[in-house]
Amino acid sequence: MPHWLPRAFVLALALFAVYQVLSWAVLRVLTLLLDVLIAFFLALAMEPAVAGLARRGMRRGPATALVSAVLLVAAAGFFFALGSLFAEQVSRIVDNLPRYVFEVLRWSNEHFHTDLHVDELRSGLVHSDWVRGYLRNGARNVWGVSATVLGGVFQLLTVALFTFYFAADGPRLRTVLCSILPPARQAEVLRAWEIAVSKTGGYIYSRALMALISAAAHYLFLRLLGVPYAAALGVWVGAVSQFVPTVGTYLAGALPLLIAFTVDPWSALWVLVFIVLYQQFENYVLQPRITARTVDIHPAVAFASVIAGTSLLGVVGALVAIPAMATLQGFLSAYVKRYEVSDVSFGRGPRGRRRGLGRWLSRLR
């Protein structure tokens with residue numbers, strides 16, 4: 001046996017043990033790492049506003065608290081509008097449910113020659129084993145649902161706390177990170193940090209501006225058609241279409257179509273036409289002008305980044321994929337050198353050569 005073989009065997013076992021311990025630790029703190037990642041991108045998005053208030057003489061702590069309060073009020077208003085819409089629709093469905101059931105039973109009795117009655121259906125449903133089993137399982141899962149809700153609230157508070165510290169102590173954090181690097185590397189790190197702040201903040205603010213314009217336009221059109229809950233639906237379309245990646249436009253347009261269809265099918269058709277036309281206006285006129293000074297991501301790149309982020313980190317990856325891609329695009333535009341491309345038509349040769357060939361062919365004719 002070679003003298004180095006036992007030592008190599010012990011080293012391999014030690015490396016395997018270290019790998020197992022690190023894997024176990026990463027799995028245990030994966031939720032915390034995702035919360036820190038979300039908080040970091042939120043802090044980057046808040047940095048331009050916080051820095052602007054700090055340049056006007058306000059301390060970074062109160063400035064961060066003010067920006068956080070504005071965002072919290074905006075989020076609360078959004079969810080309140082959606083909550084009022086949802087509660088109103090649910091109450092309307094509950095009030096009209098007996099009439100719906102009666103009409104369905106009457107239609108069934110007329111067309112299929114059945115003998116169904118509302119009282120018999122109600123008594124059979126209430127005393128059925130399925131309902132009893134569902135209520136029993138729901139009572140058993142109350143503690144699980146409560147624990148899930150409390151865990152979600154704790155996770156939101158954790159993200160909010162890290163976001164506040166990252167935004168309030170941004171300069172101090174950069175100083176601490178750069179203090180362990182040589183001066184030549186410090187400049188590169190600071191430049192990369194500024195690019196990340198500029199691209200992420202610019203992307204978020206451009207999306208917020210387009211969401212505001214979209215909400216106002218859809219509110220005015222829905223109000224003109226007489227569709228109920230026009231304000232809540234306008235806020236829904238503006239927020240979801242801009243901040244939900246890839247499928248946000250379709251999710252945003254489905255709810256106004258459904259509400260308009262309950263009023264009048266022709267109103268639903270006009271809402272569909274308006275949504276399609278506004279989407280084209282946003283893609284070809286509004287978005288290029290707003291994102292010209294921030295960052296503009298190609299739709300195919302955005303779609304691929306959302307798929308990759310979802311595959312890696314789930315819902316969190318889908319939410320942070322586009323800001324991360326915007327930051328990466330900013331890095332590439334800053335550090336990758338680009339060269340001018342000569343005017344060449346692919347497959348046909350240079351323009352000047354094509355002209356010479358055309359003149360030669362004309363001479364042959």
Handout entry: Donor-acceptor contact below 3.5 Å, side chain Thr163 vs main chain Val159
Key = yes
Using side-chain heavy atoms (C-beta onward) and a distance below 4.5 Å, is [X] in contact with [Y]?
X	Y	answer
Pro256	Val237	yes
Gln155	Asp35	yes
Leu209	Ile213	yes
Phe166	Val36	yes
Phe162	Leu32	yes
Val67	Leu71	yes
Leu157	Leu161	no

State yes or no: do [X] and [Y] share one hydrophobic cluster built from I, L, V, M, F, W and Y residues joined by side-chain heavy-atom distances below 4.5 Å, directly or via other members?
X	Y	value
Tyr165	Leu42	no
Leu22	Phe16	no
Ile275	Leu258	no
Leu272	Leu222	yes
Val227	Val276	yes

Distance-minimising heavy-atom pair for [X] and [Y]:
X	Y	answer
Gly52	Arg56	O-NH1, 3.0 Å
Ala43	Ala167	CB-N, 3.8 Å
Ser241	Ser214	OG-OG, 4.1 Å
Arg60	Ala168	NE-O, 3.2 Å

Supply the atom-to-atom distance [X] [atom1] to [Y] [atom2], rounded to the nearest 0.5 angstrom.
X	Y	atom1	atom2	value
Thr64	Met58	OG1	CE	10.0 Å
Trp236	Ile259	CH2	CD1	11.0 Å
Leu34	Ile38	CG	CD1	6.5 Å
Ser206	Gln242	OG	CD	8.5 Å
Leu66	Met46	CG	CE	9.5 Å
Phe40	Leu173	CZ	CG	8.0 Å

Practice task
Could you tell me how the ring of Phe274 sits relative to the ring of Tyr278: parallel (under 30°), tilted (30 to 60°) or perpendicular (over 60°)?
Solution key: parallel
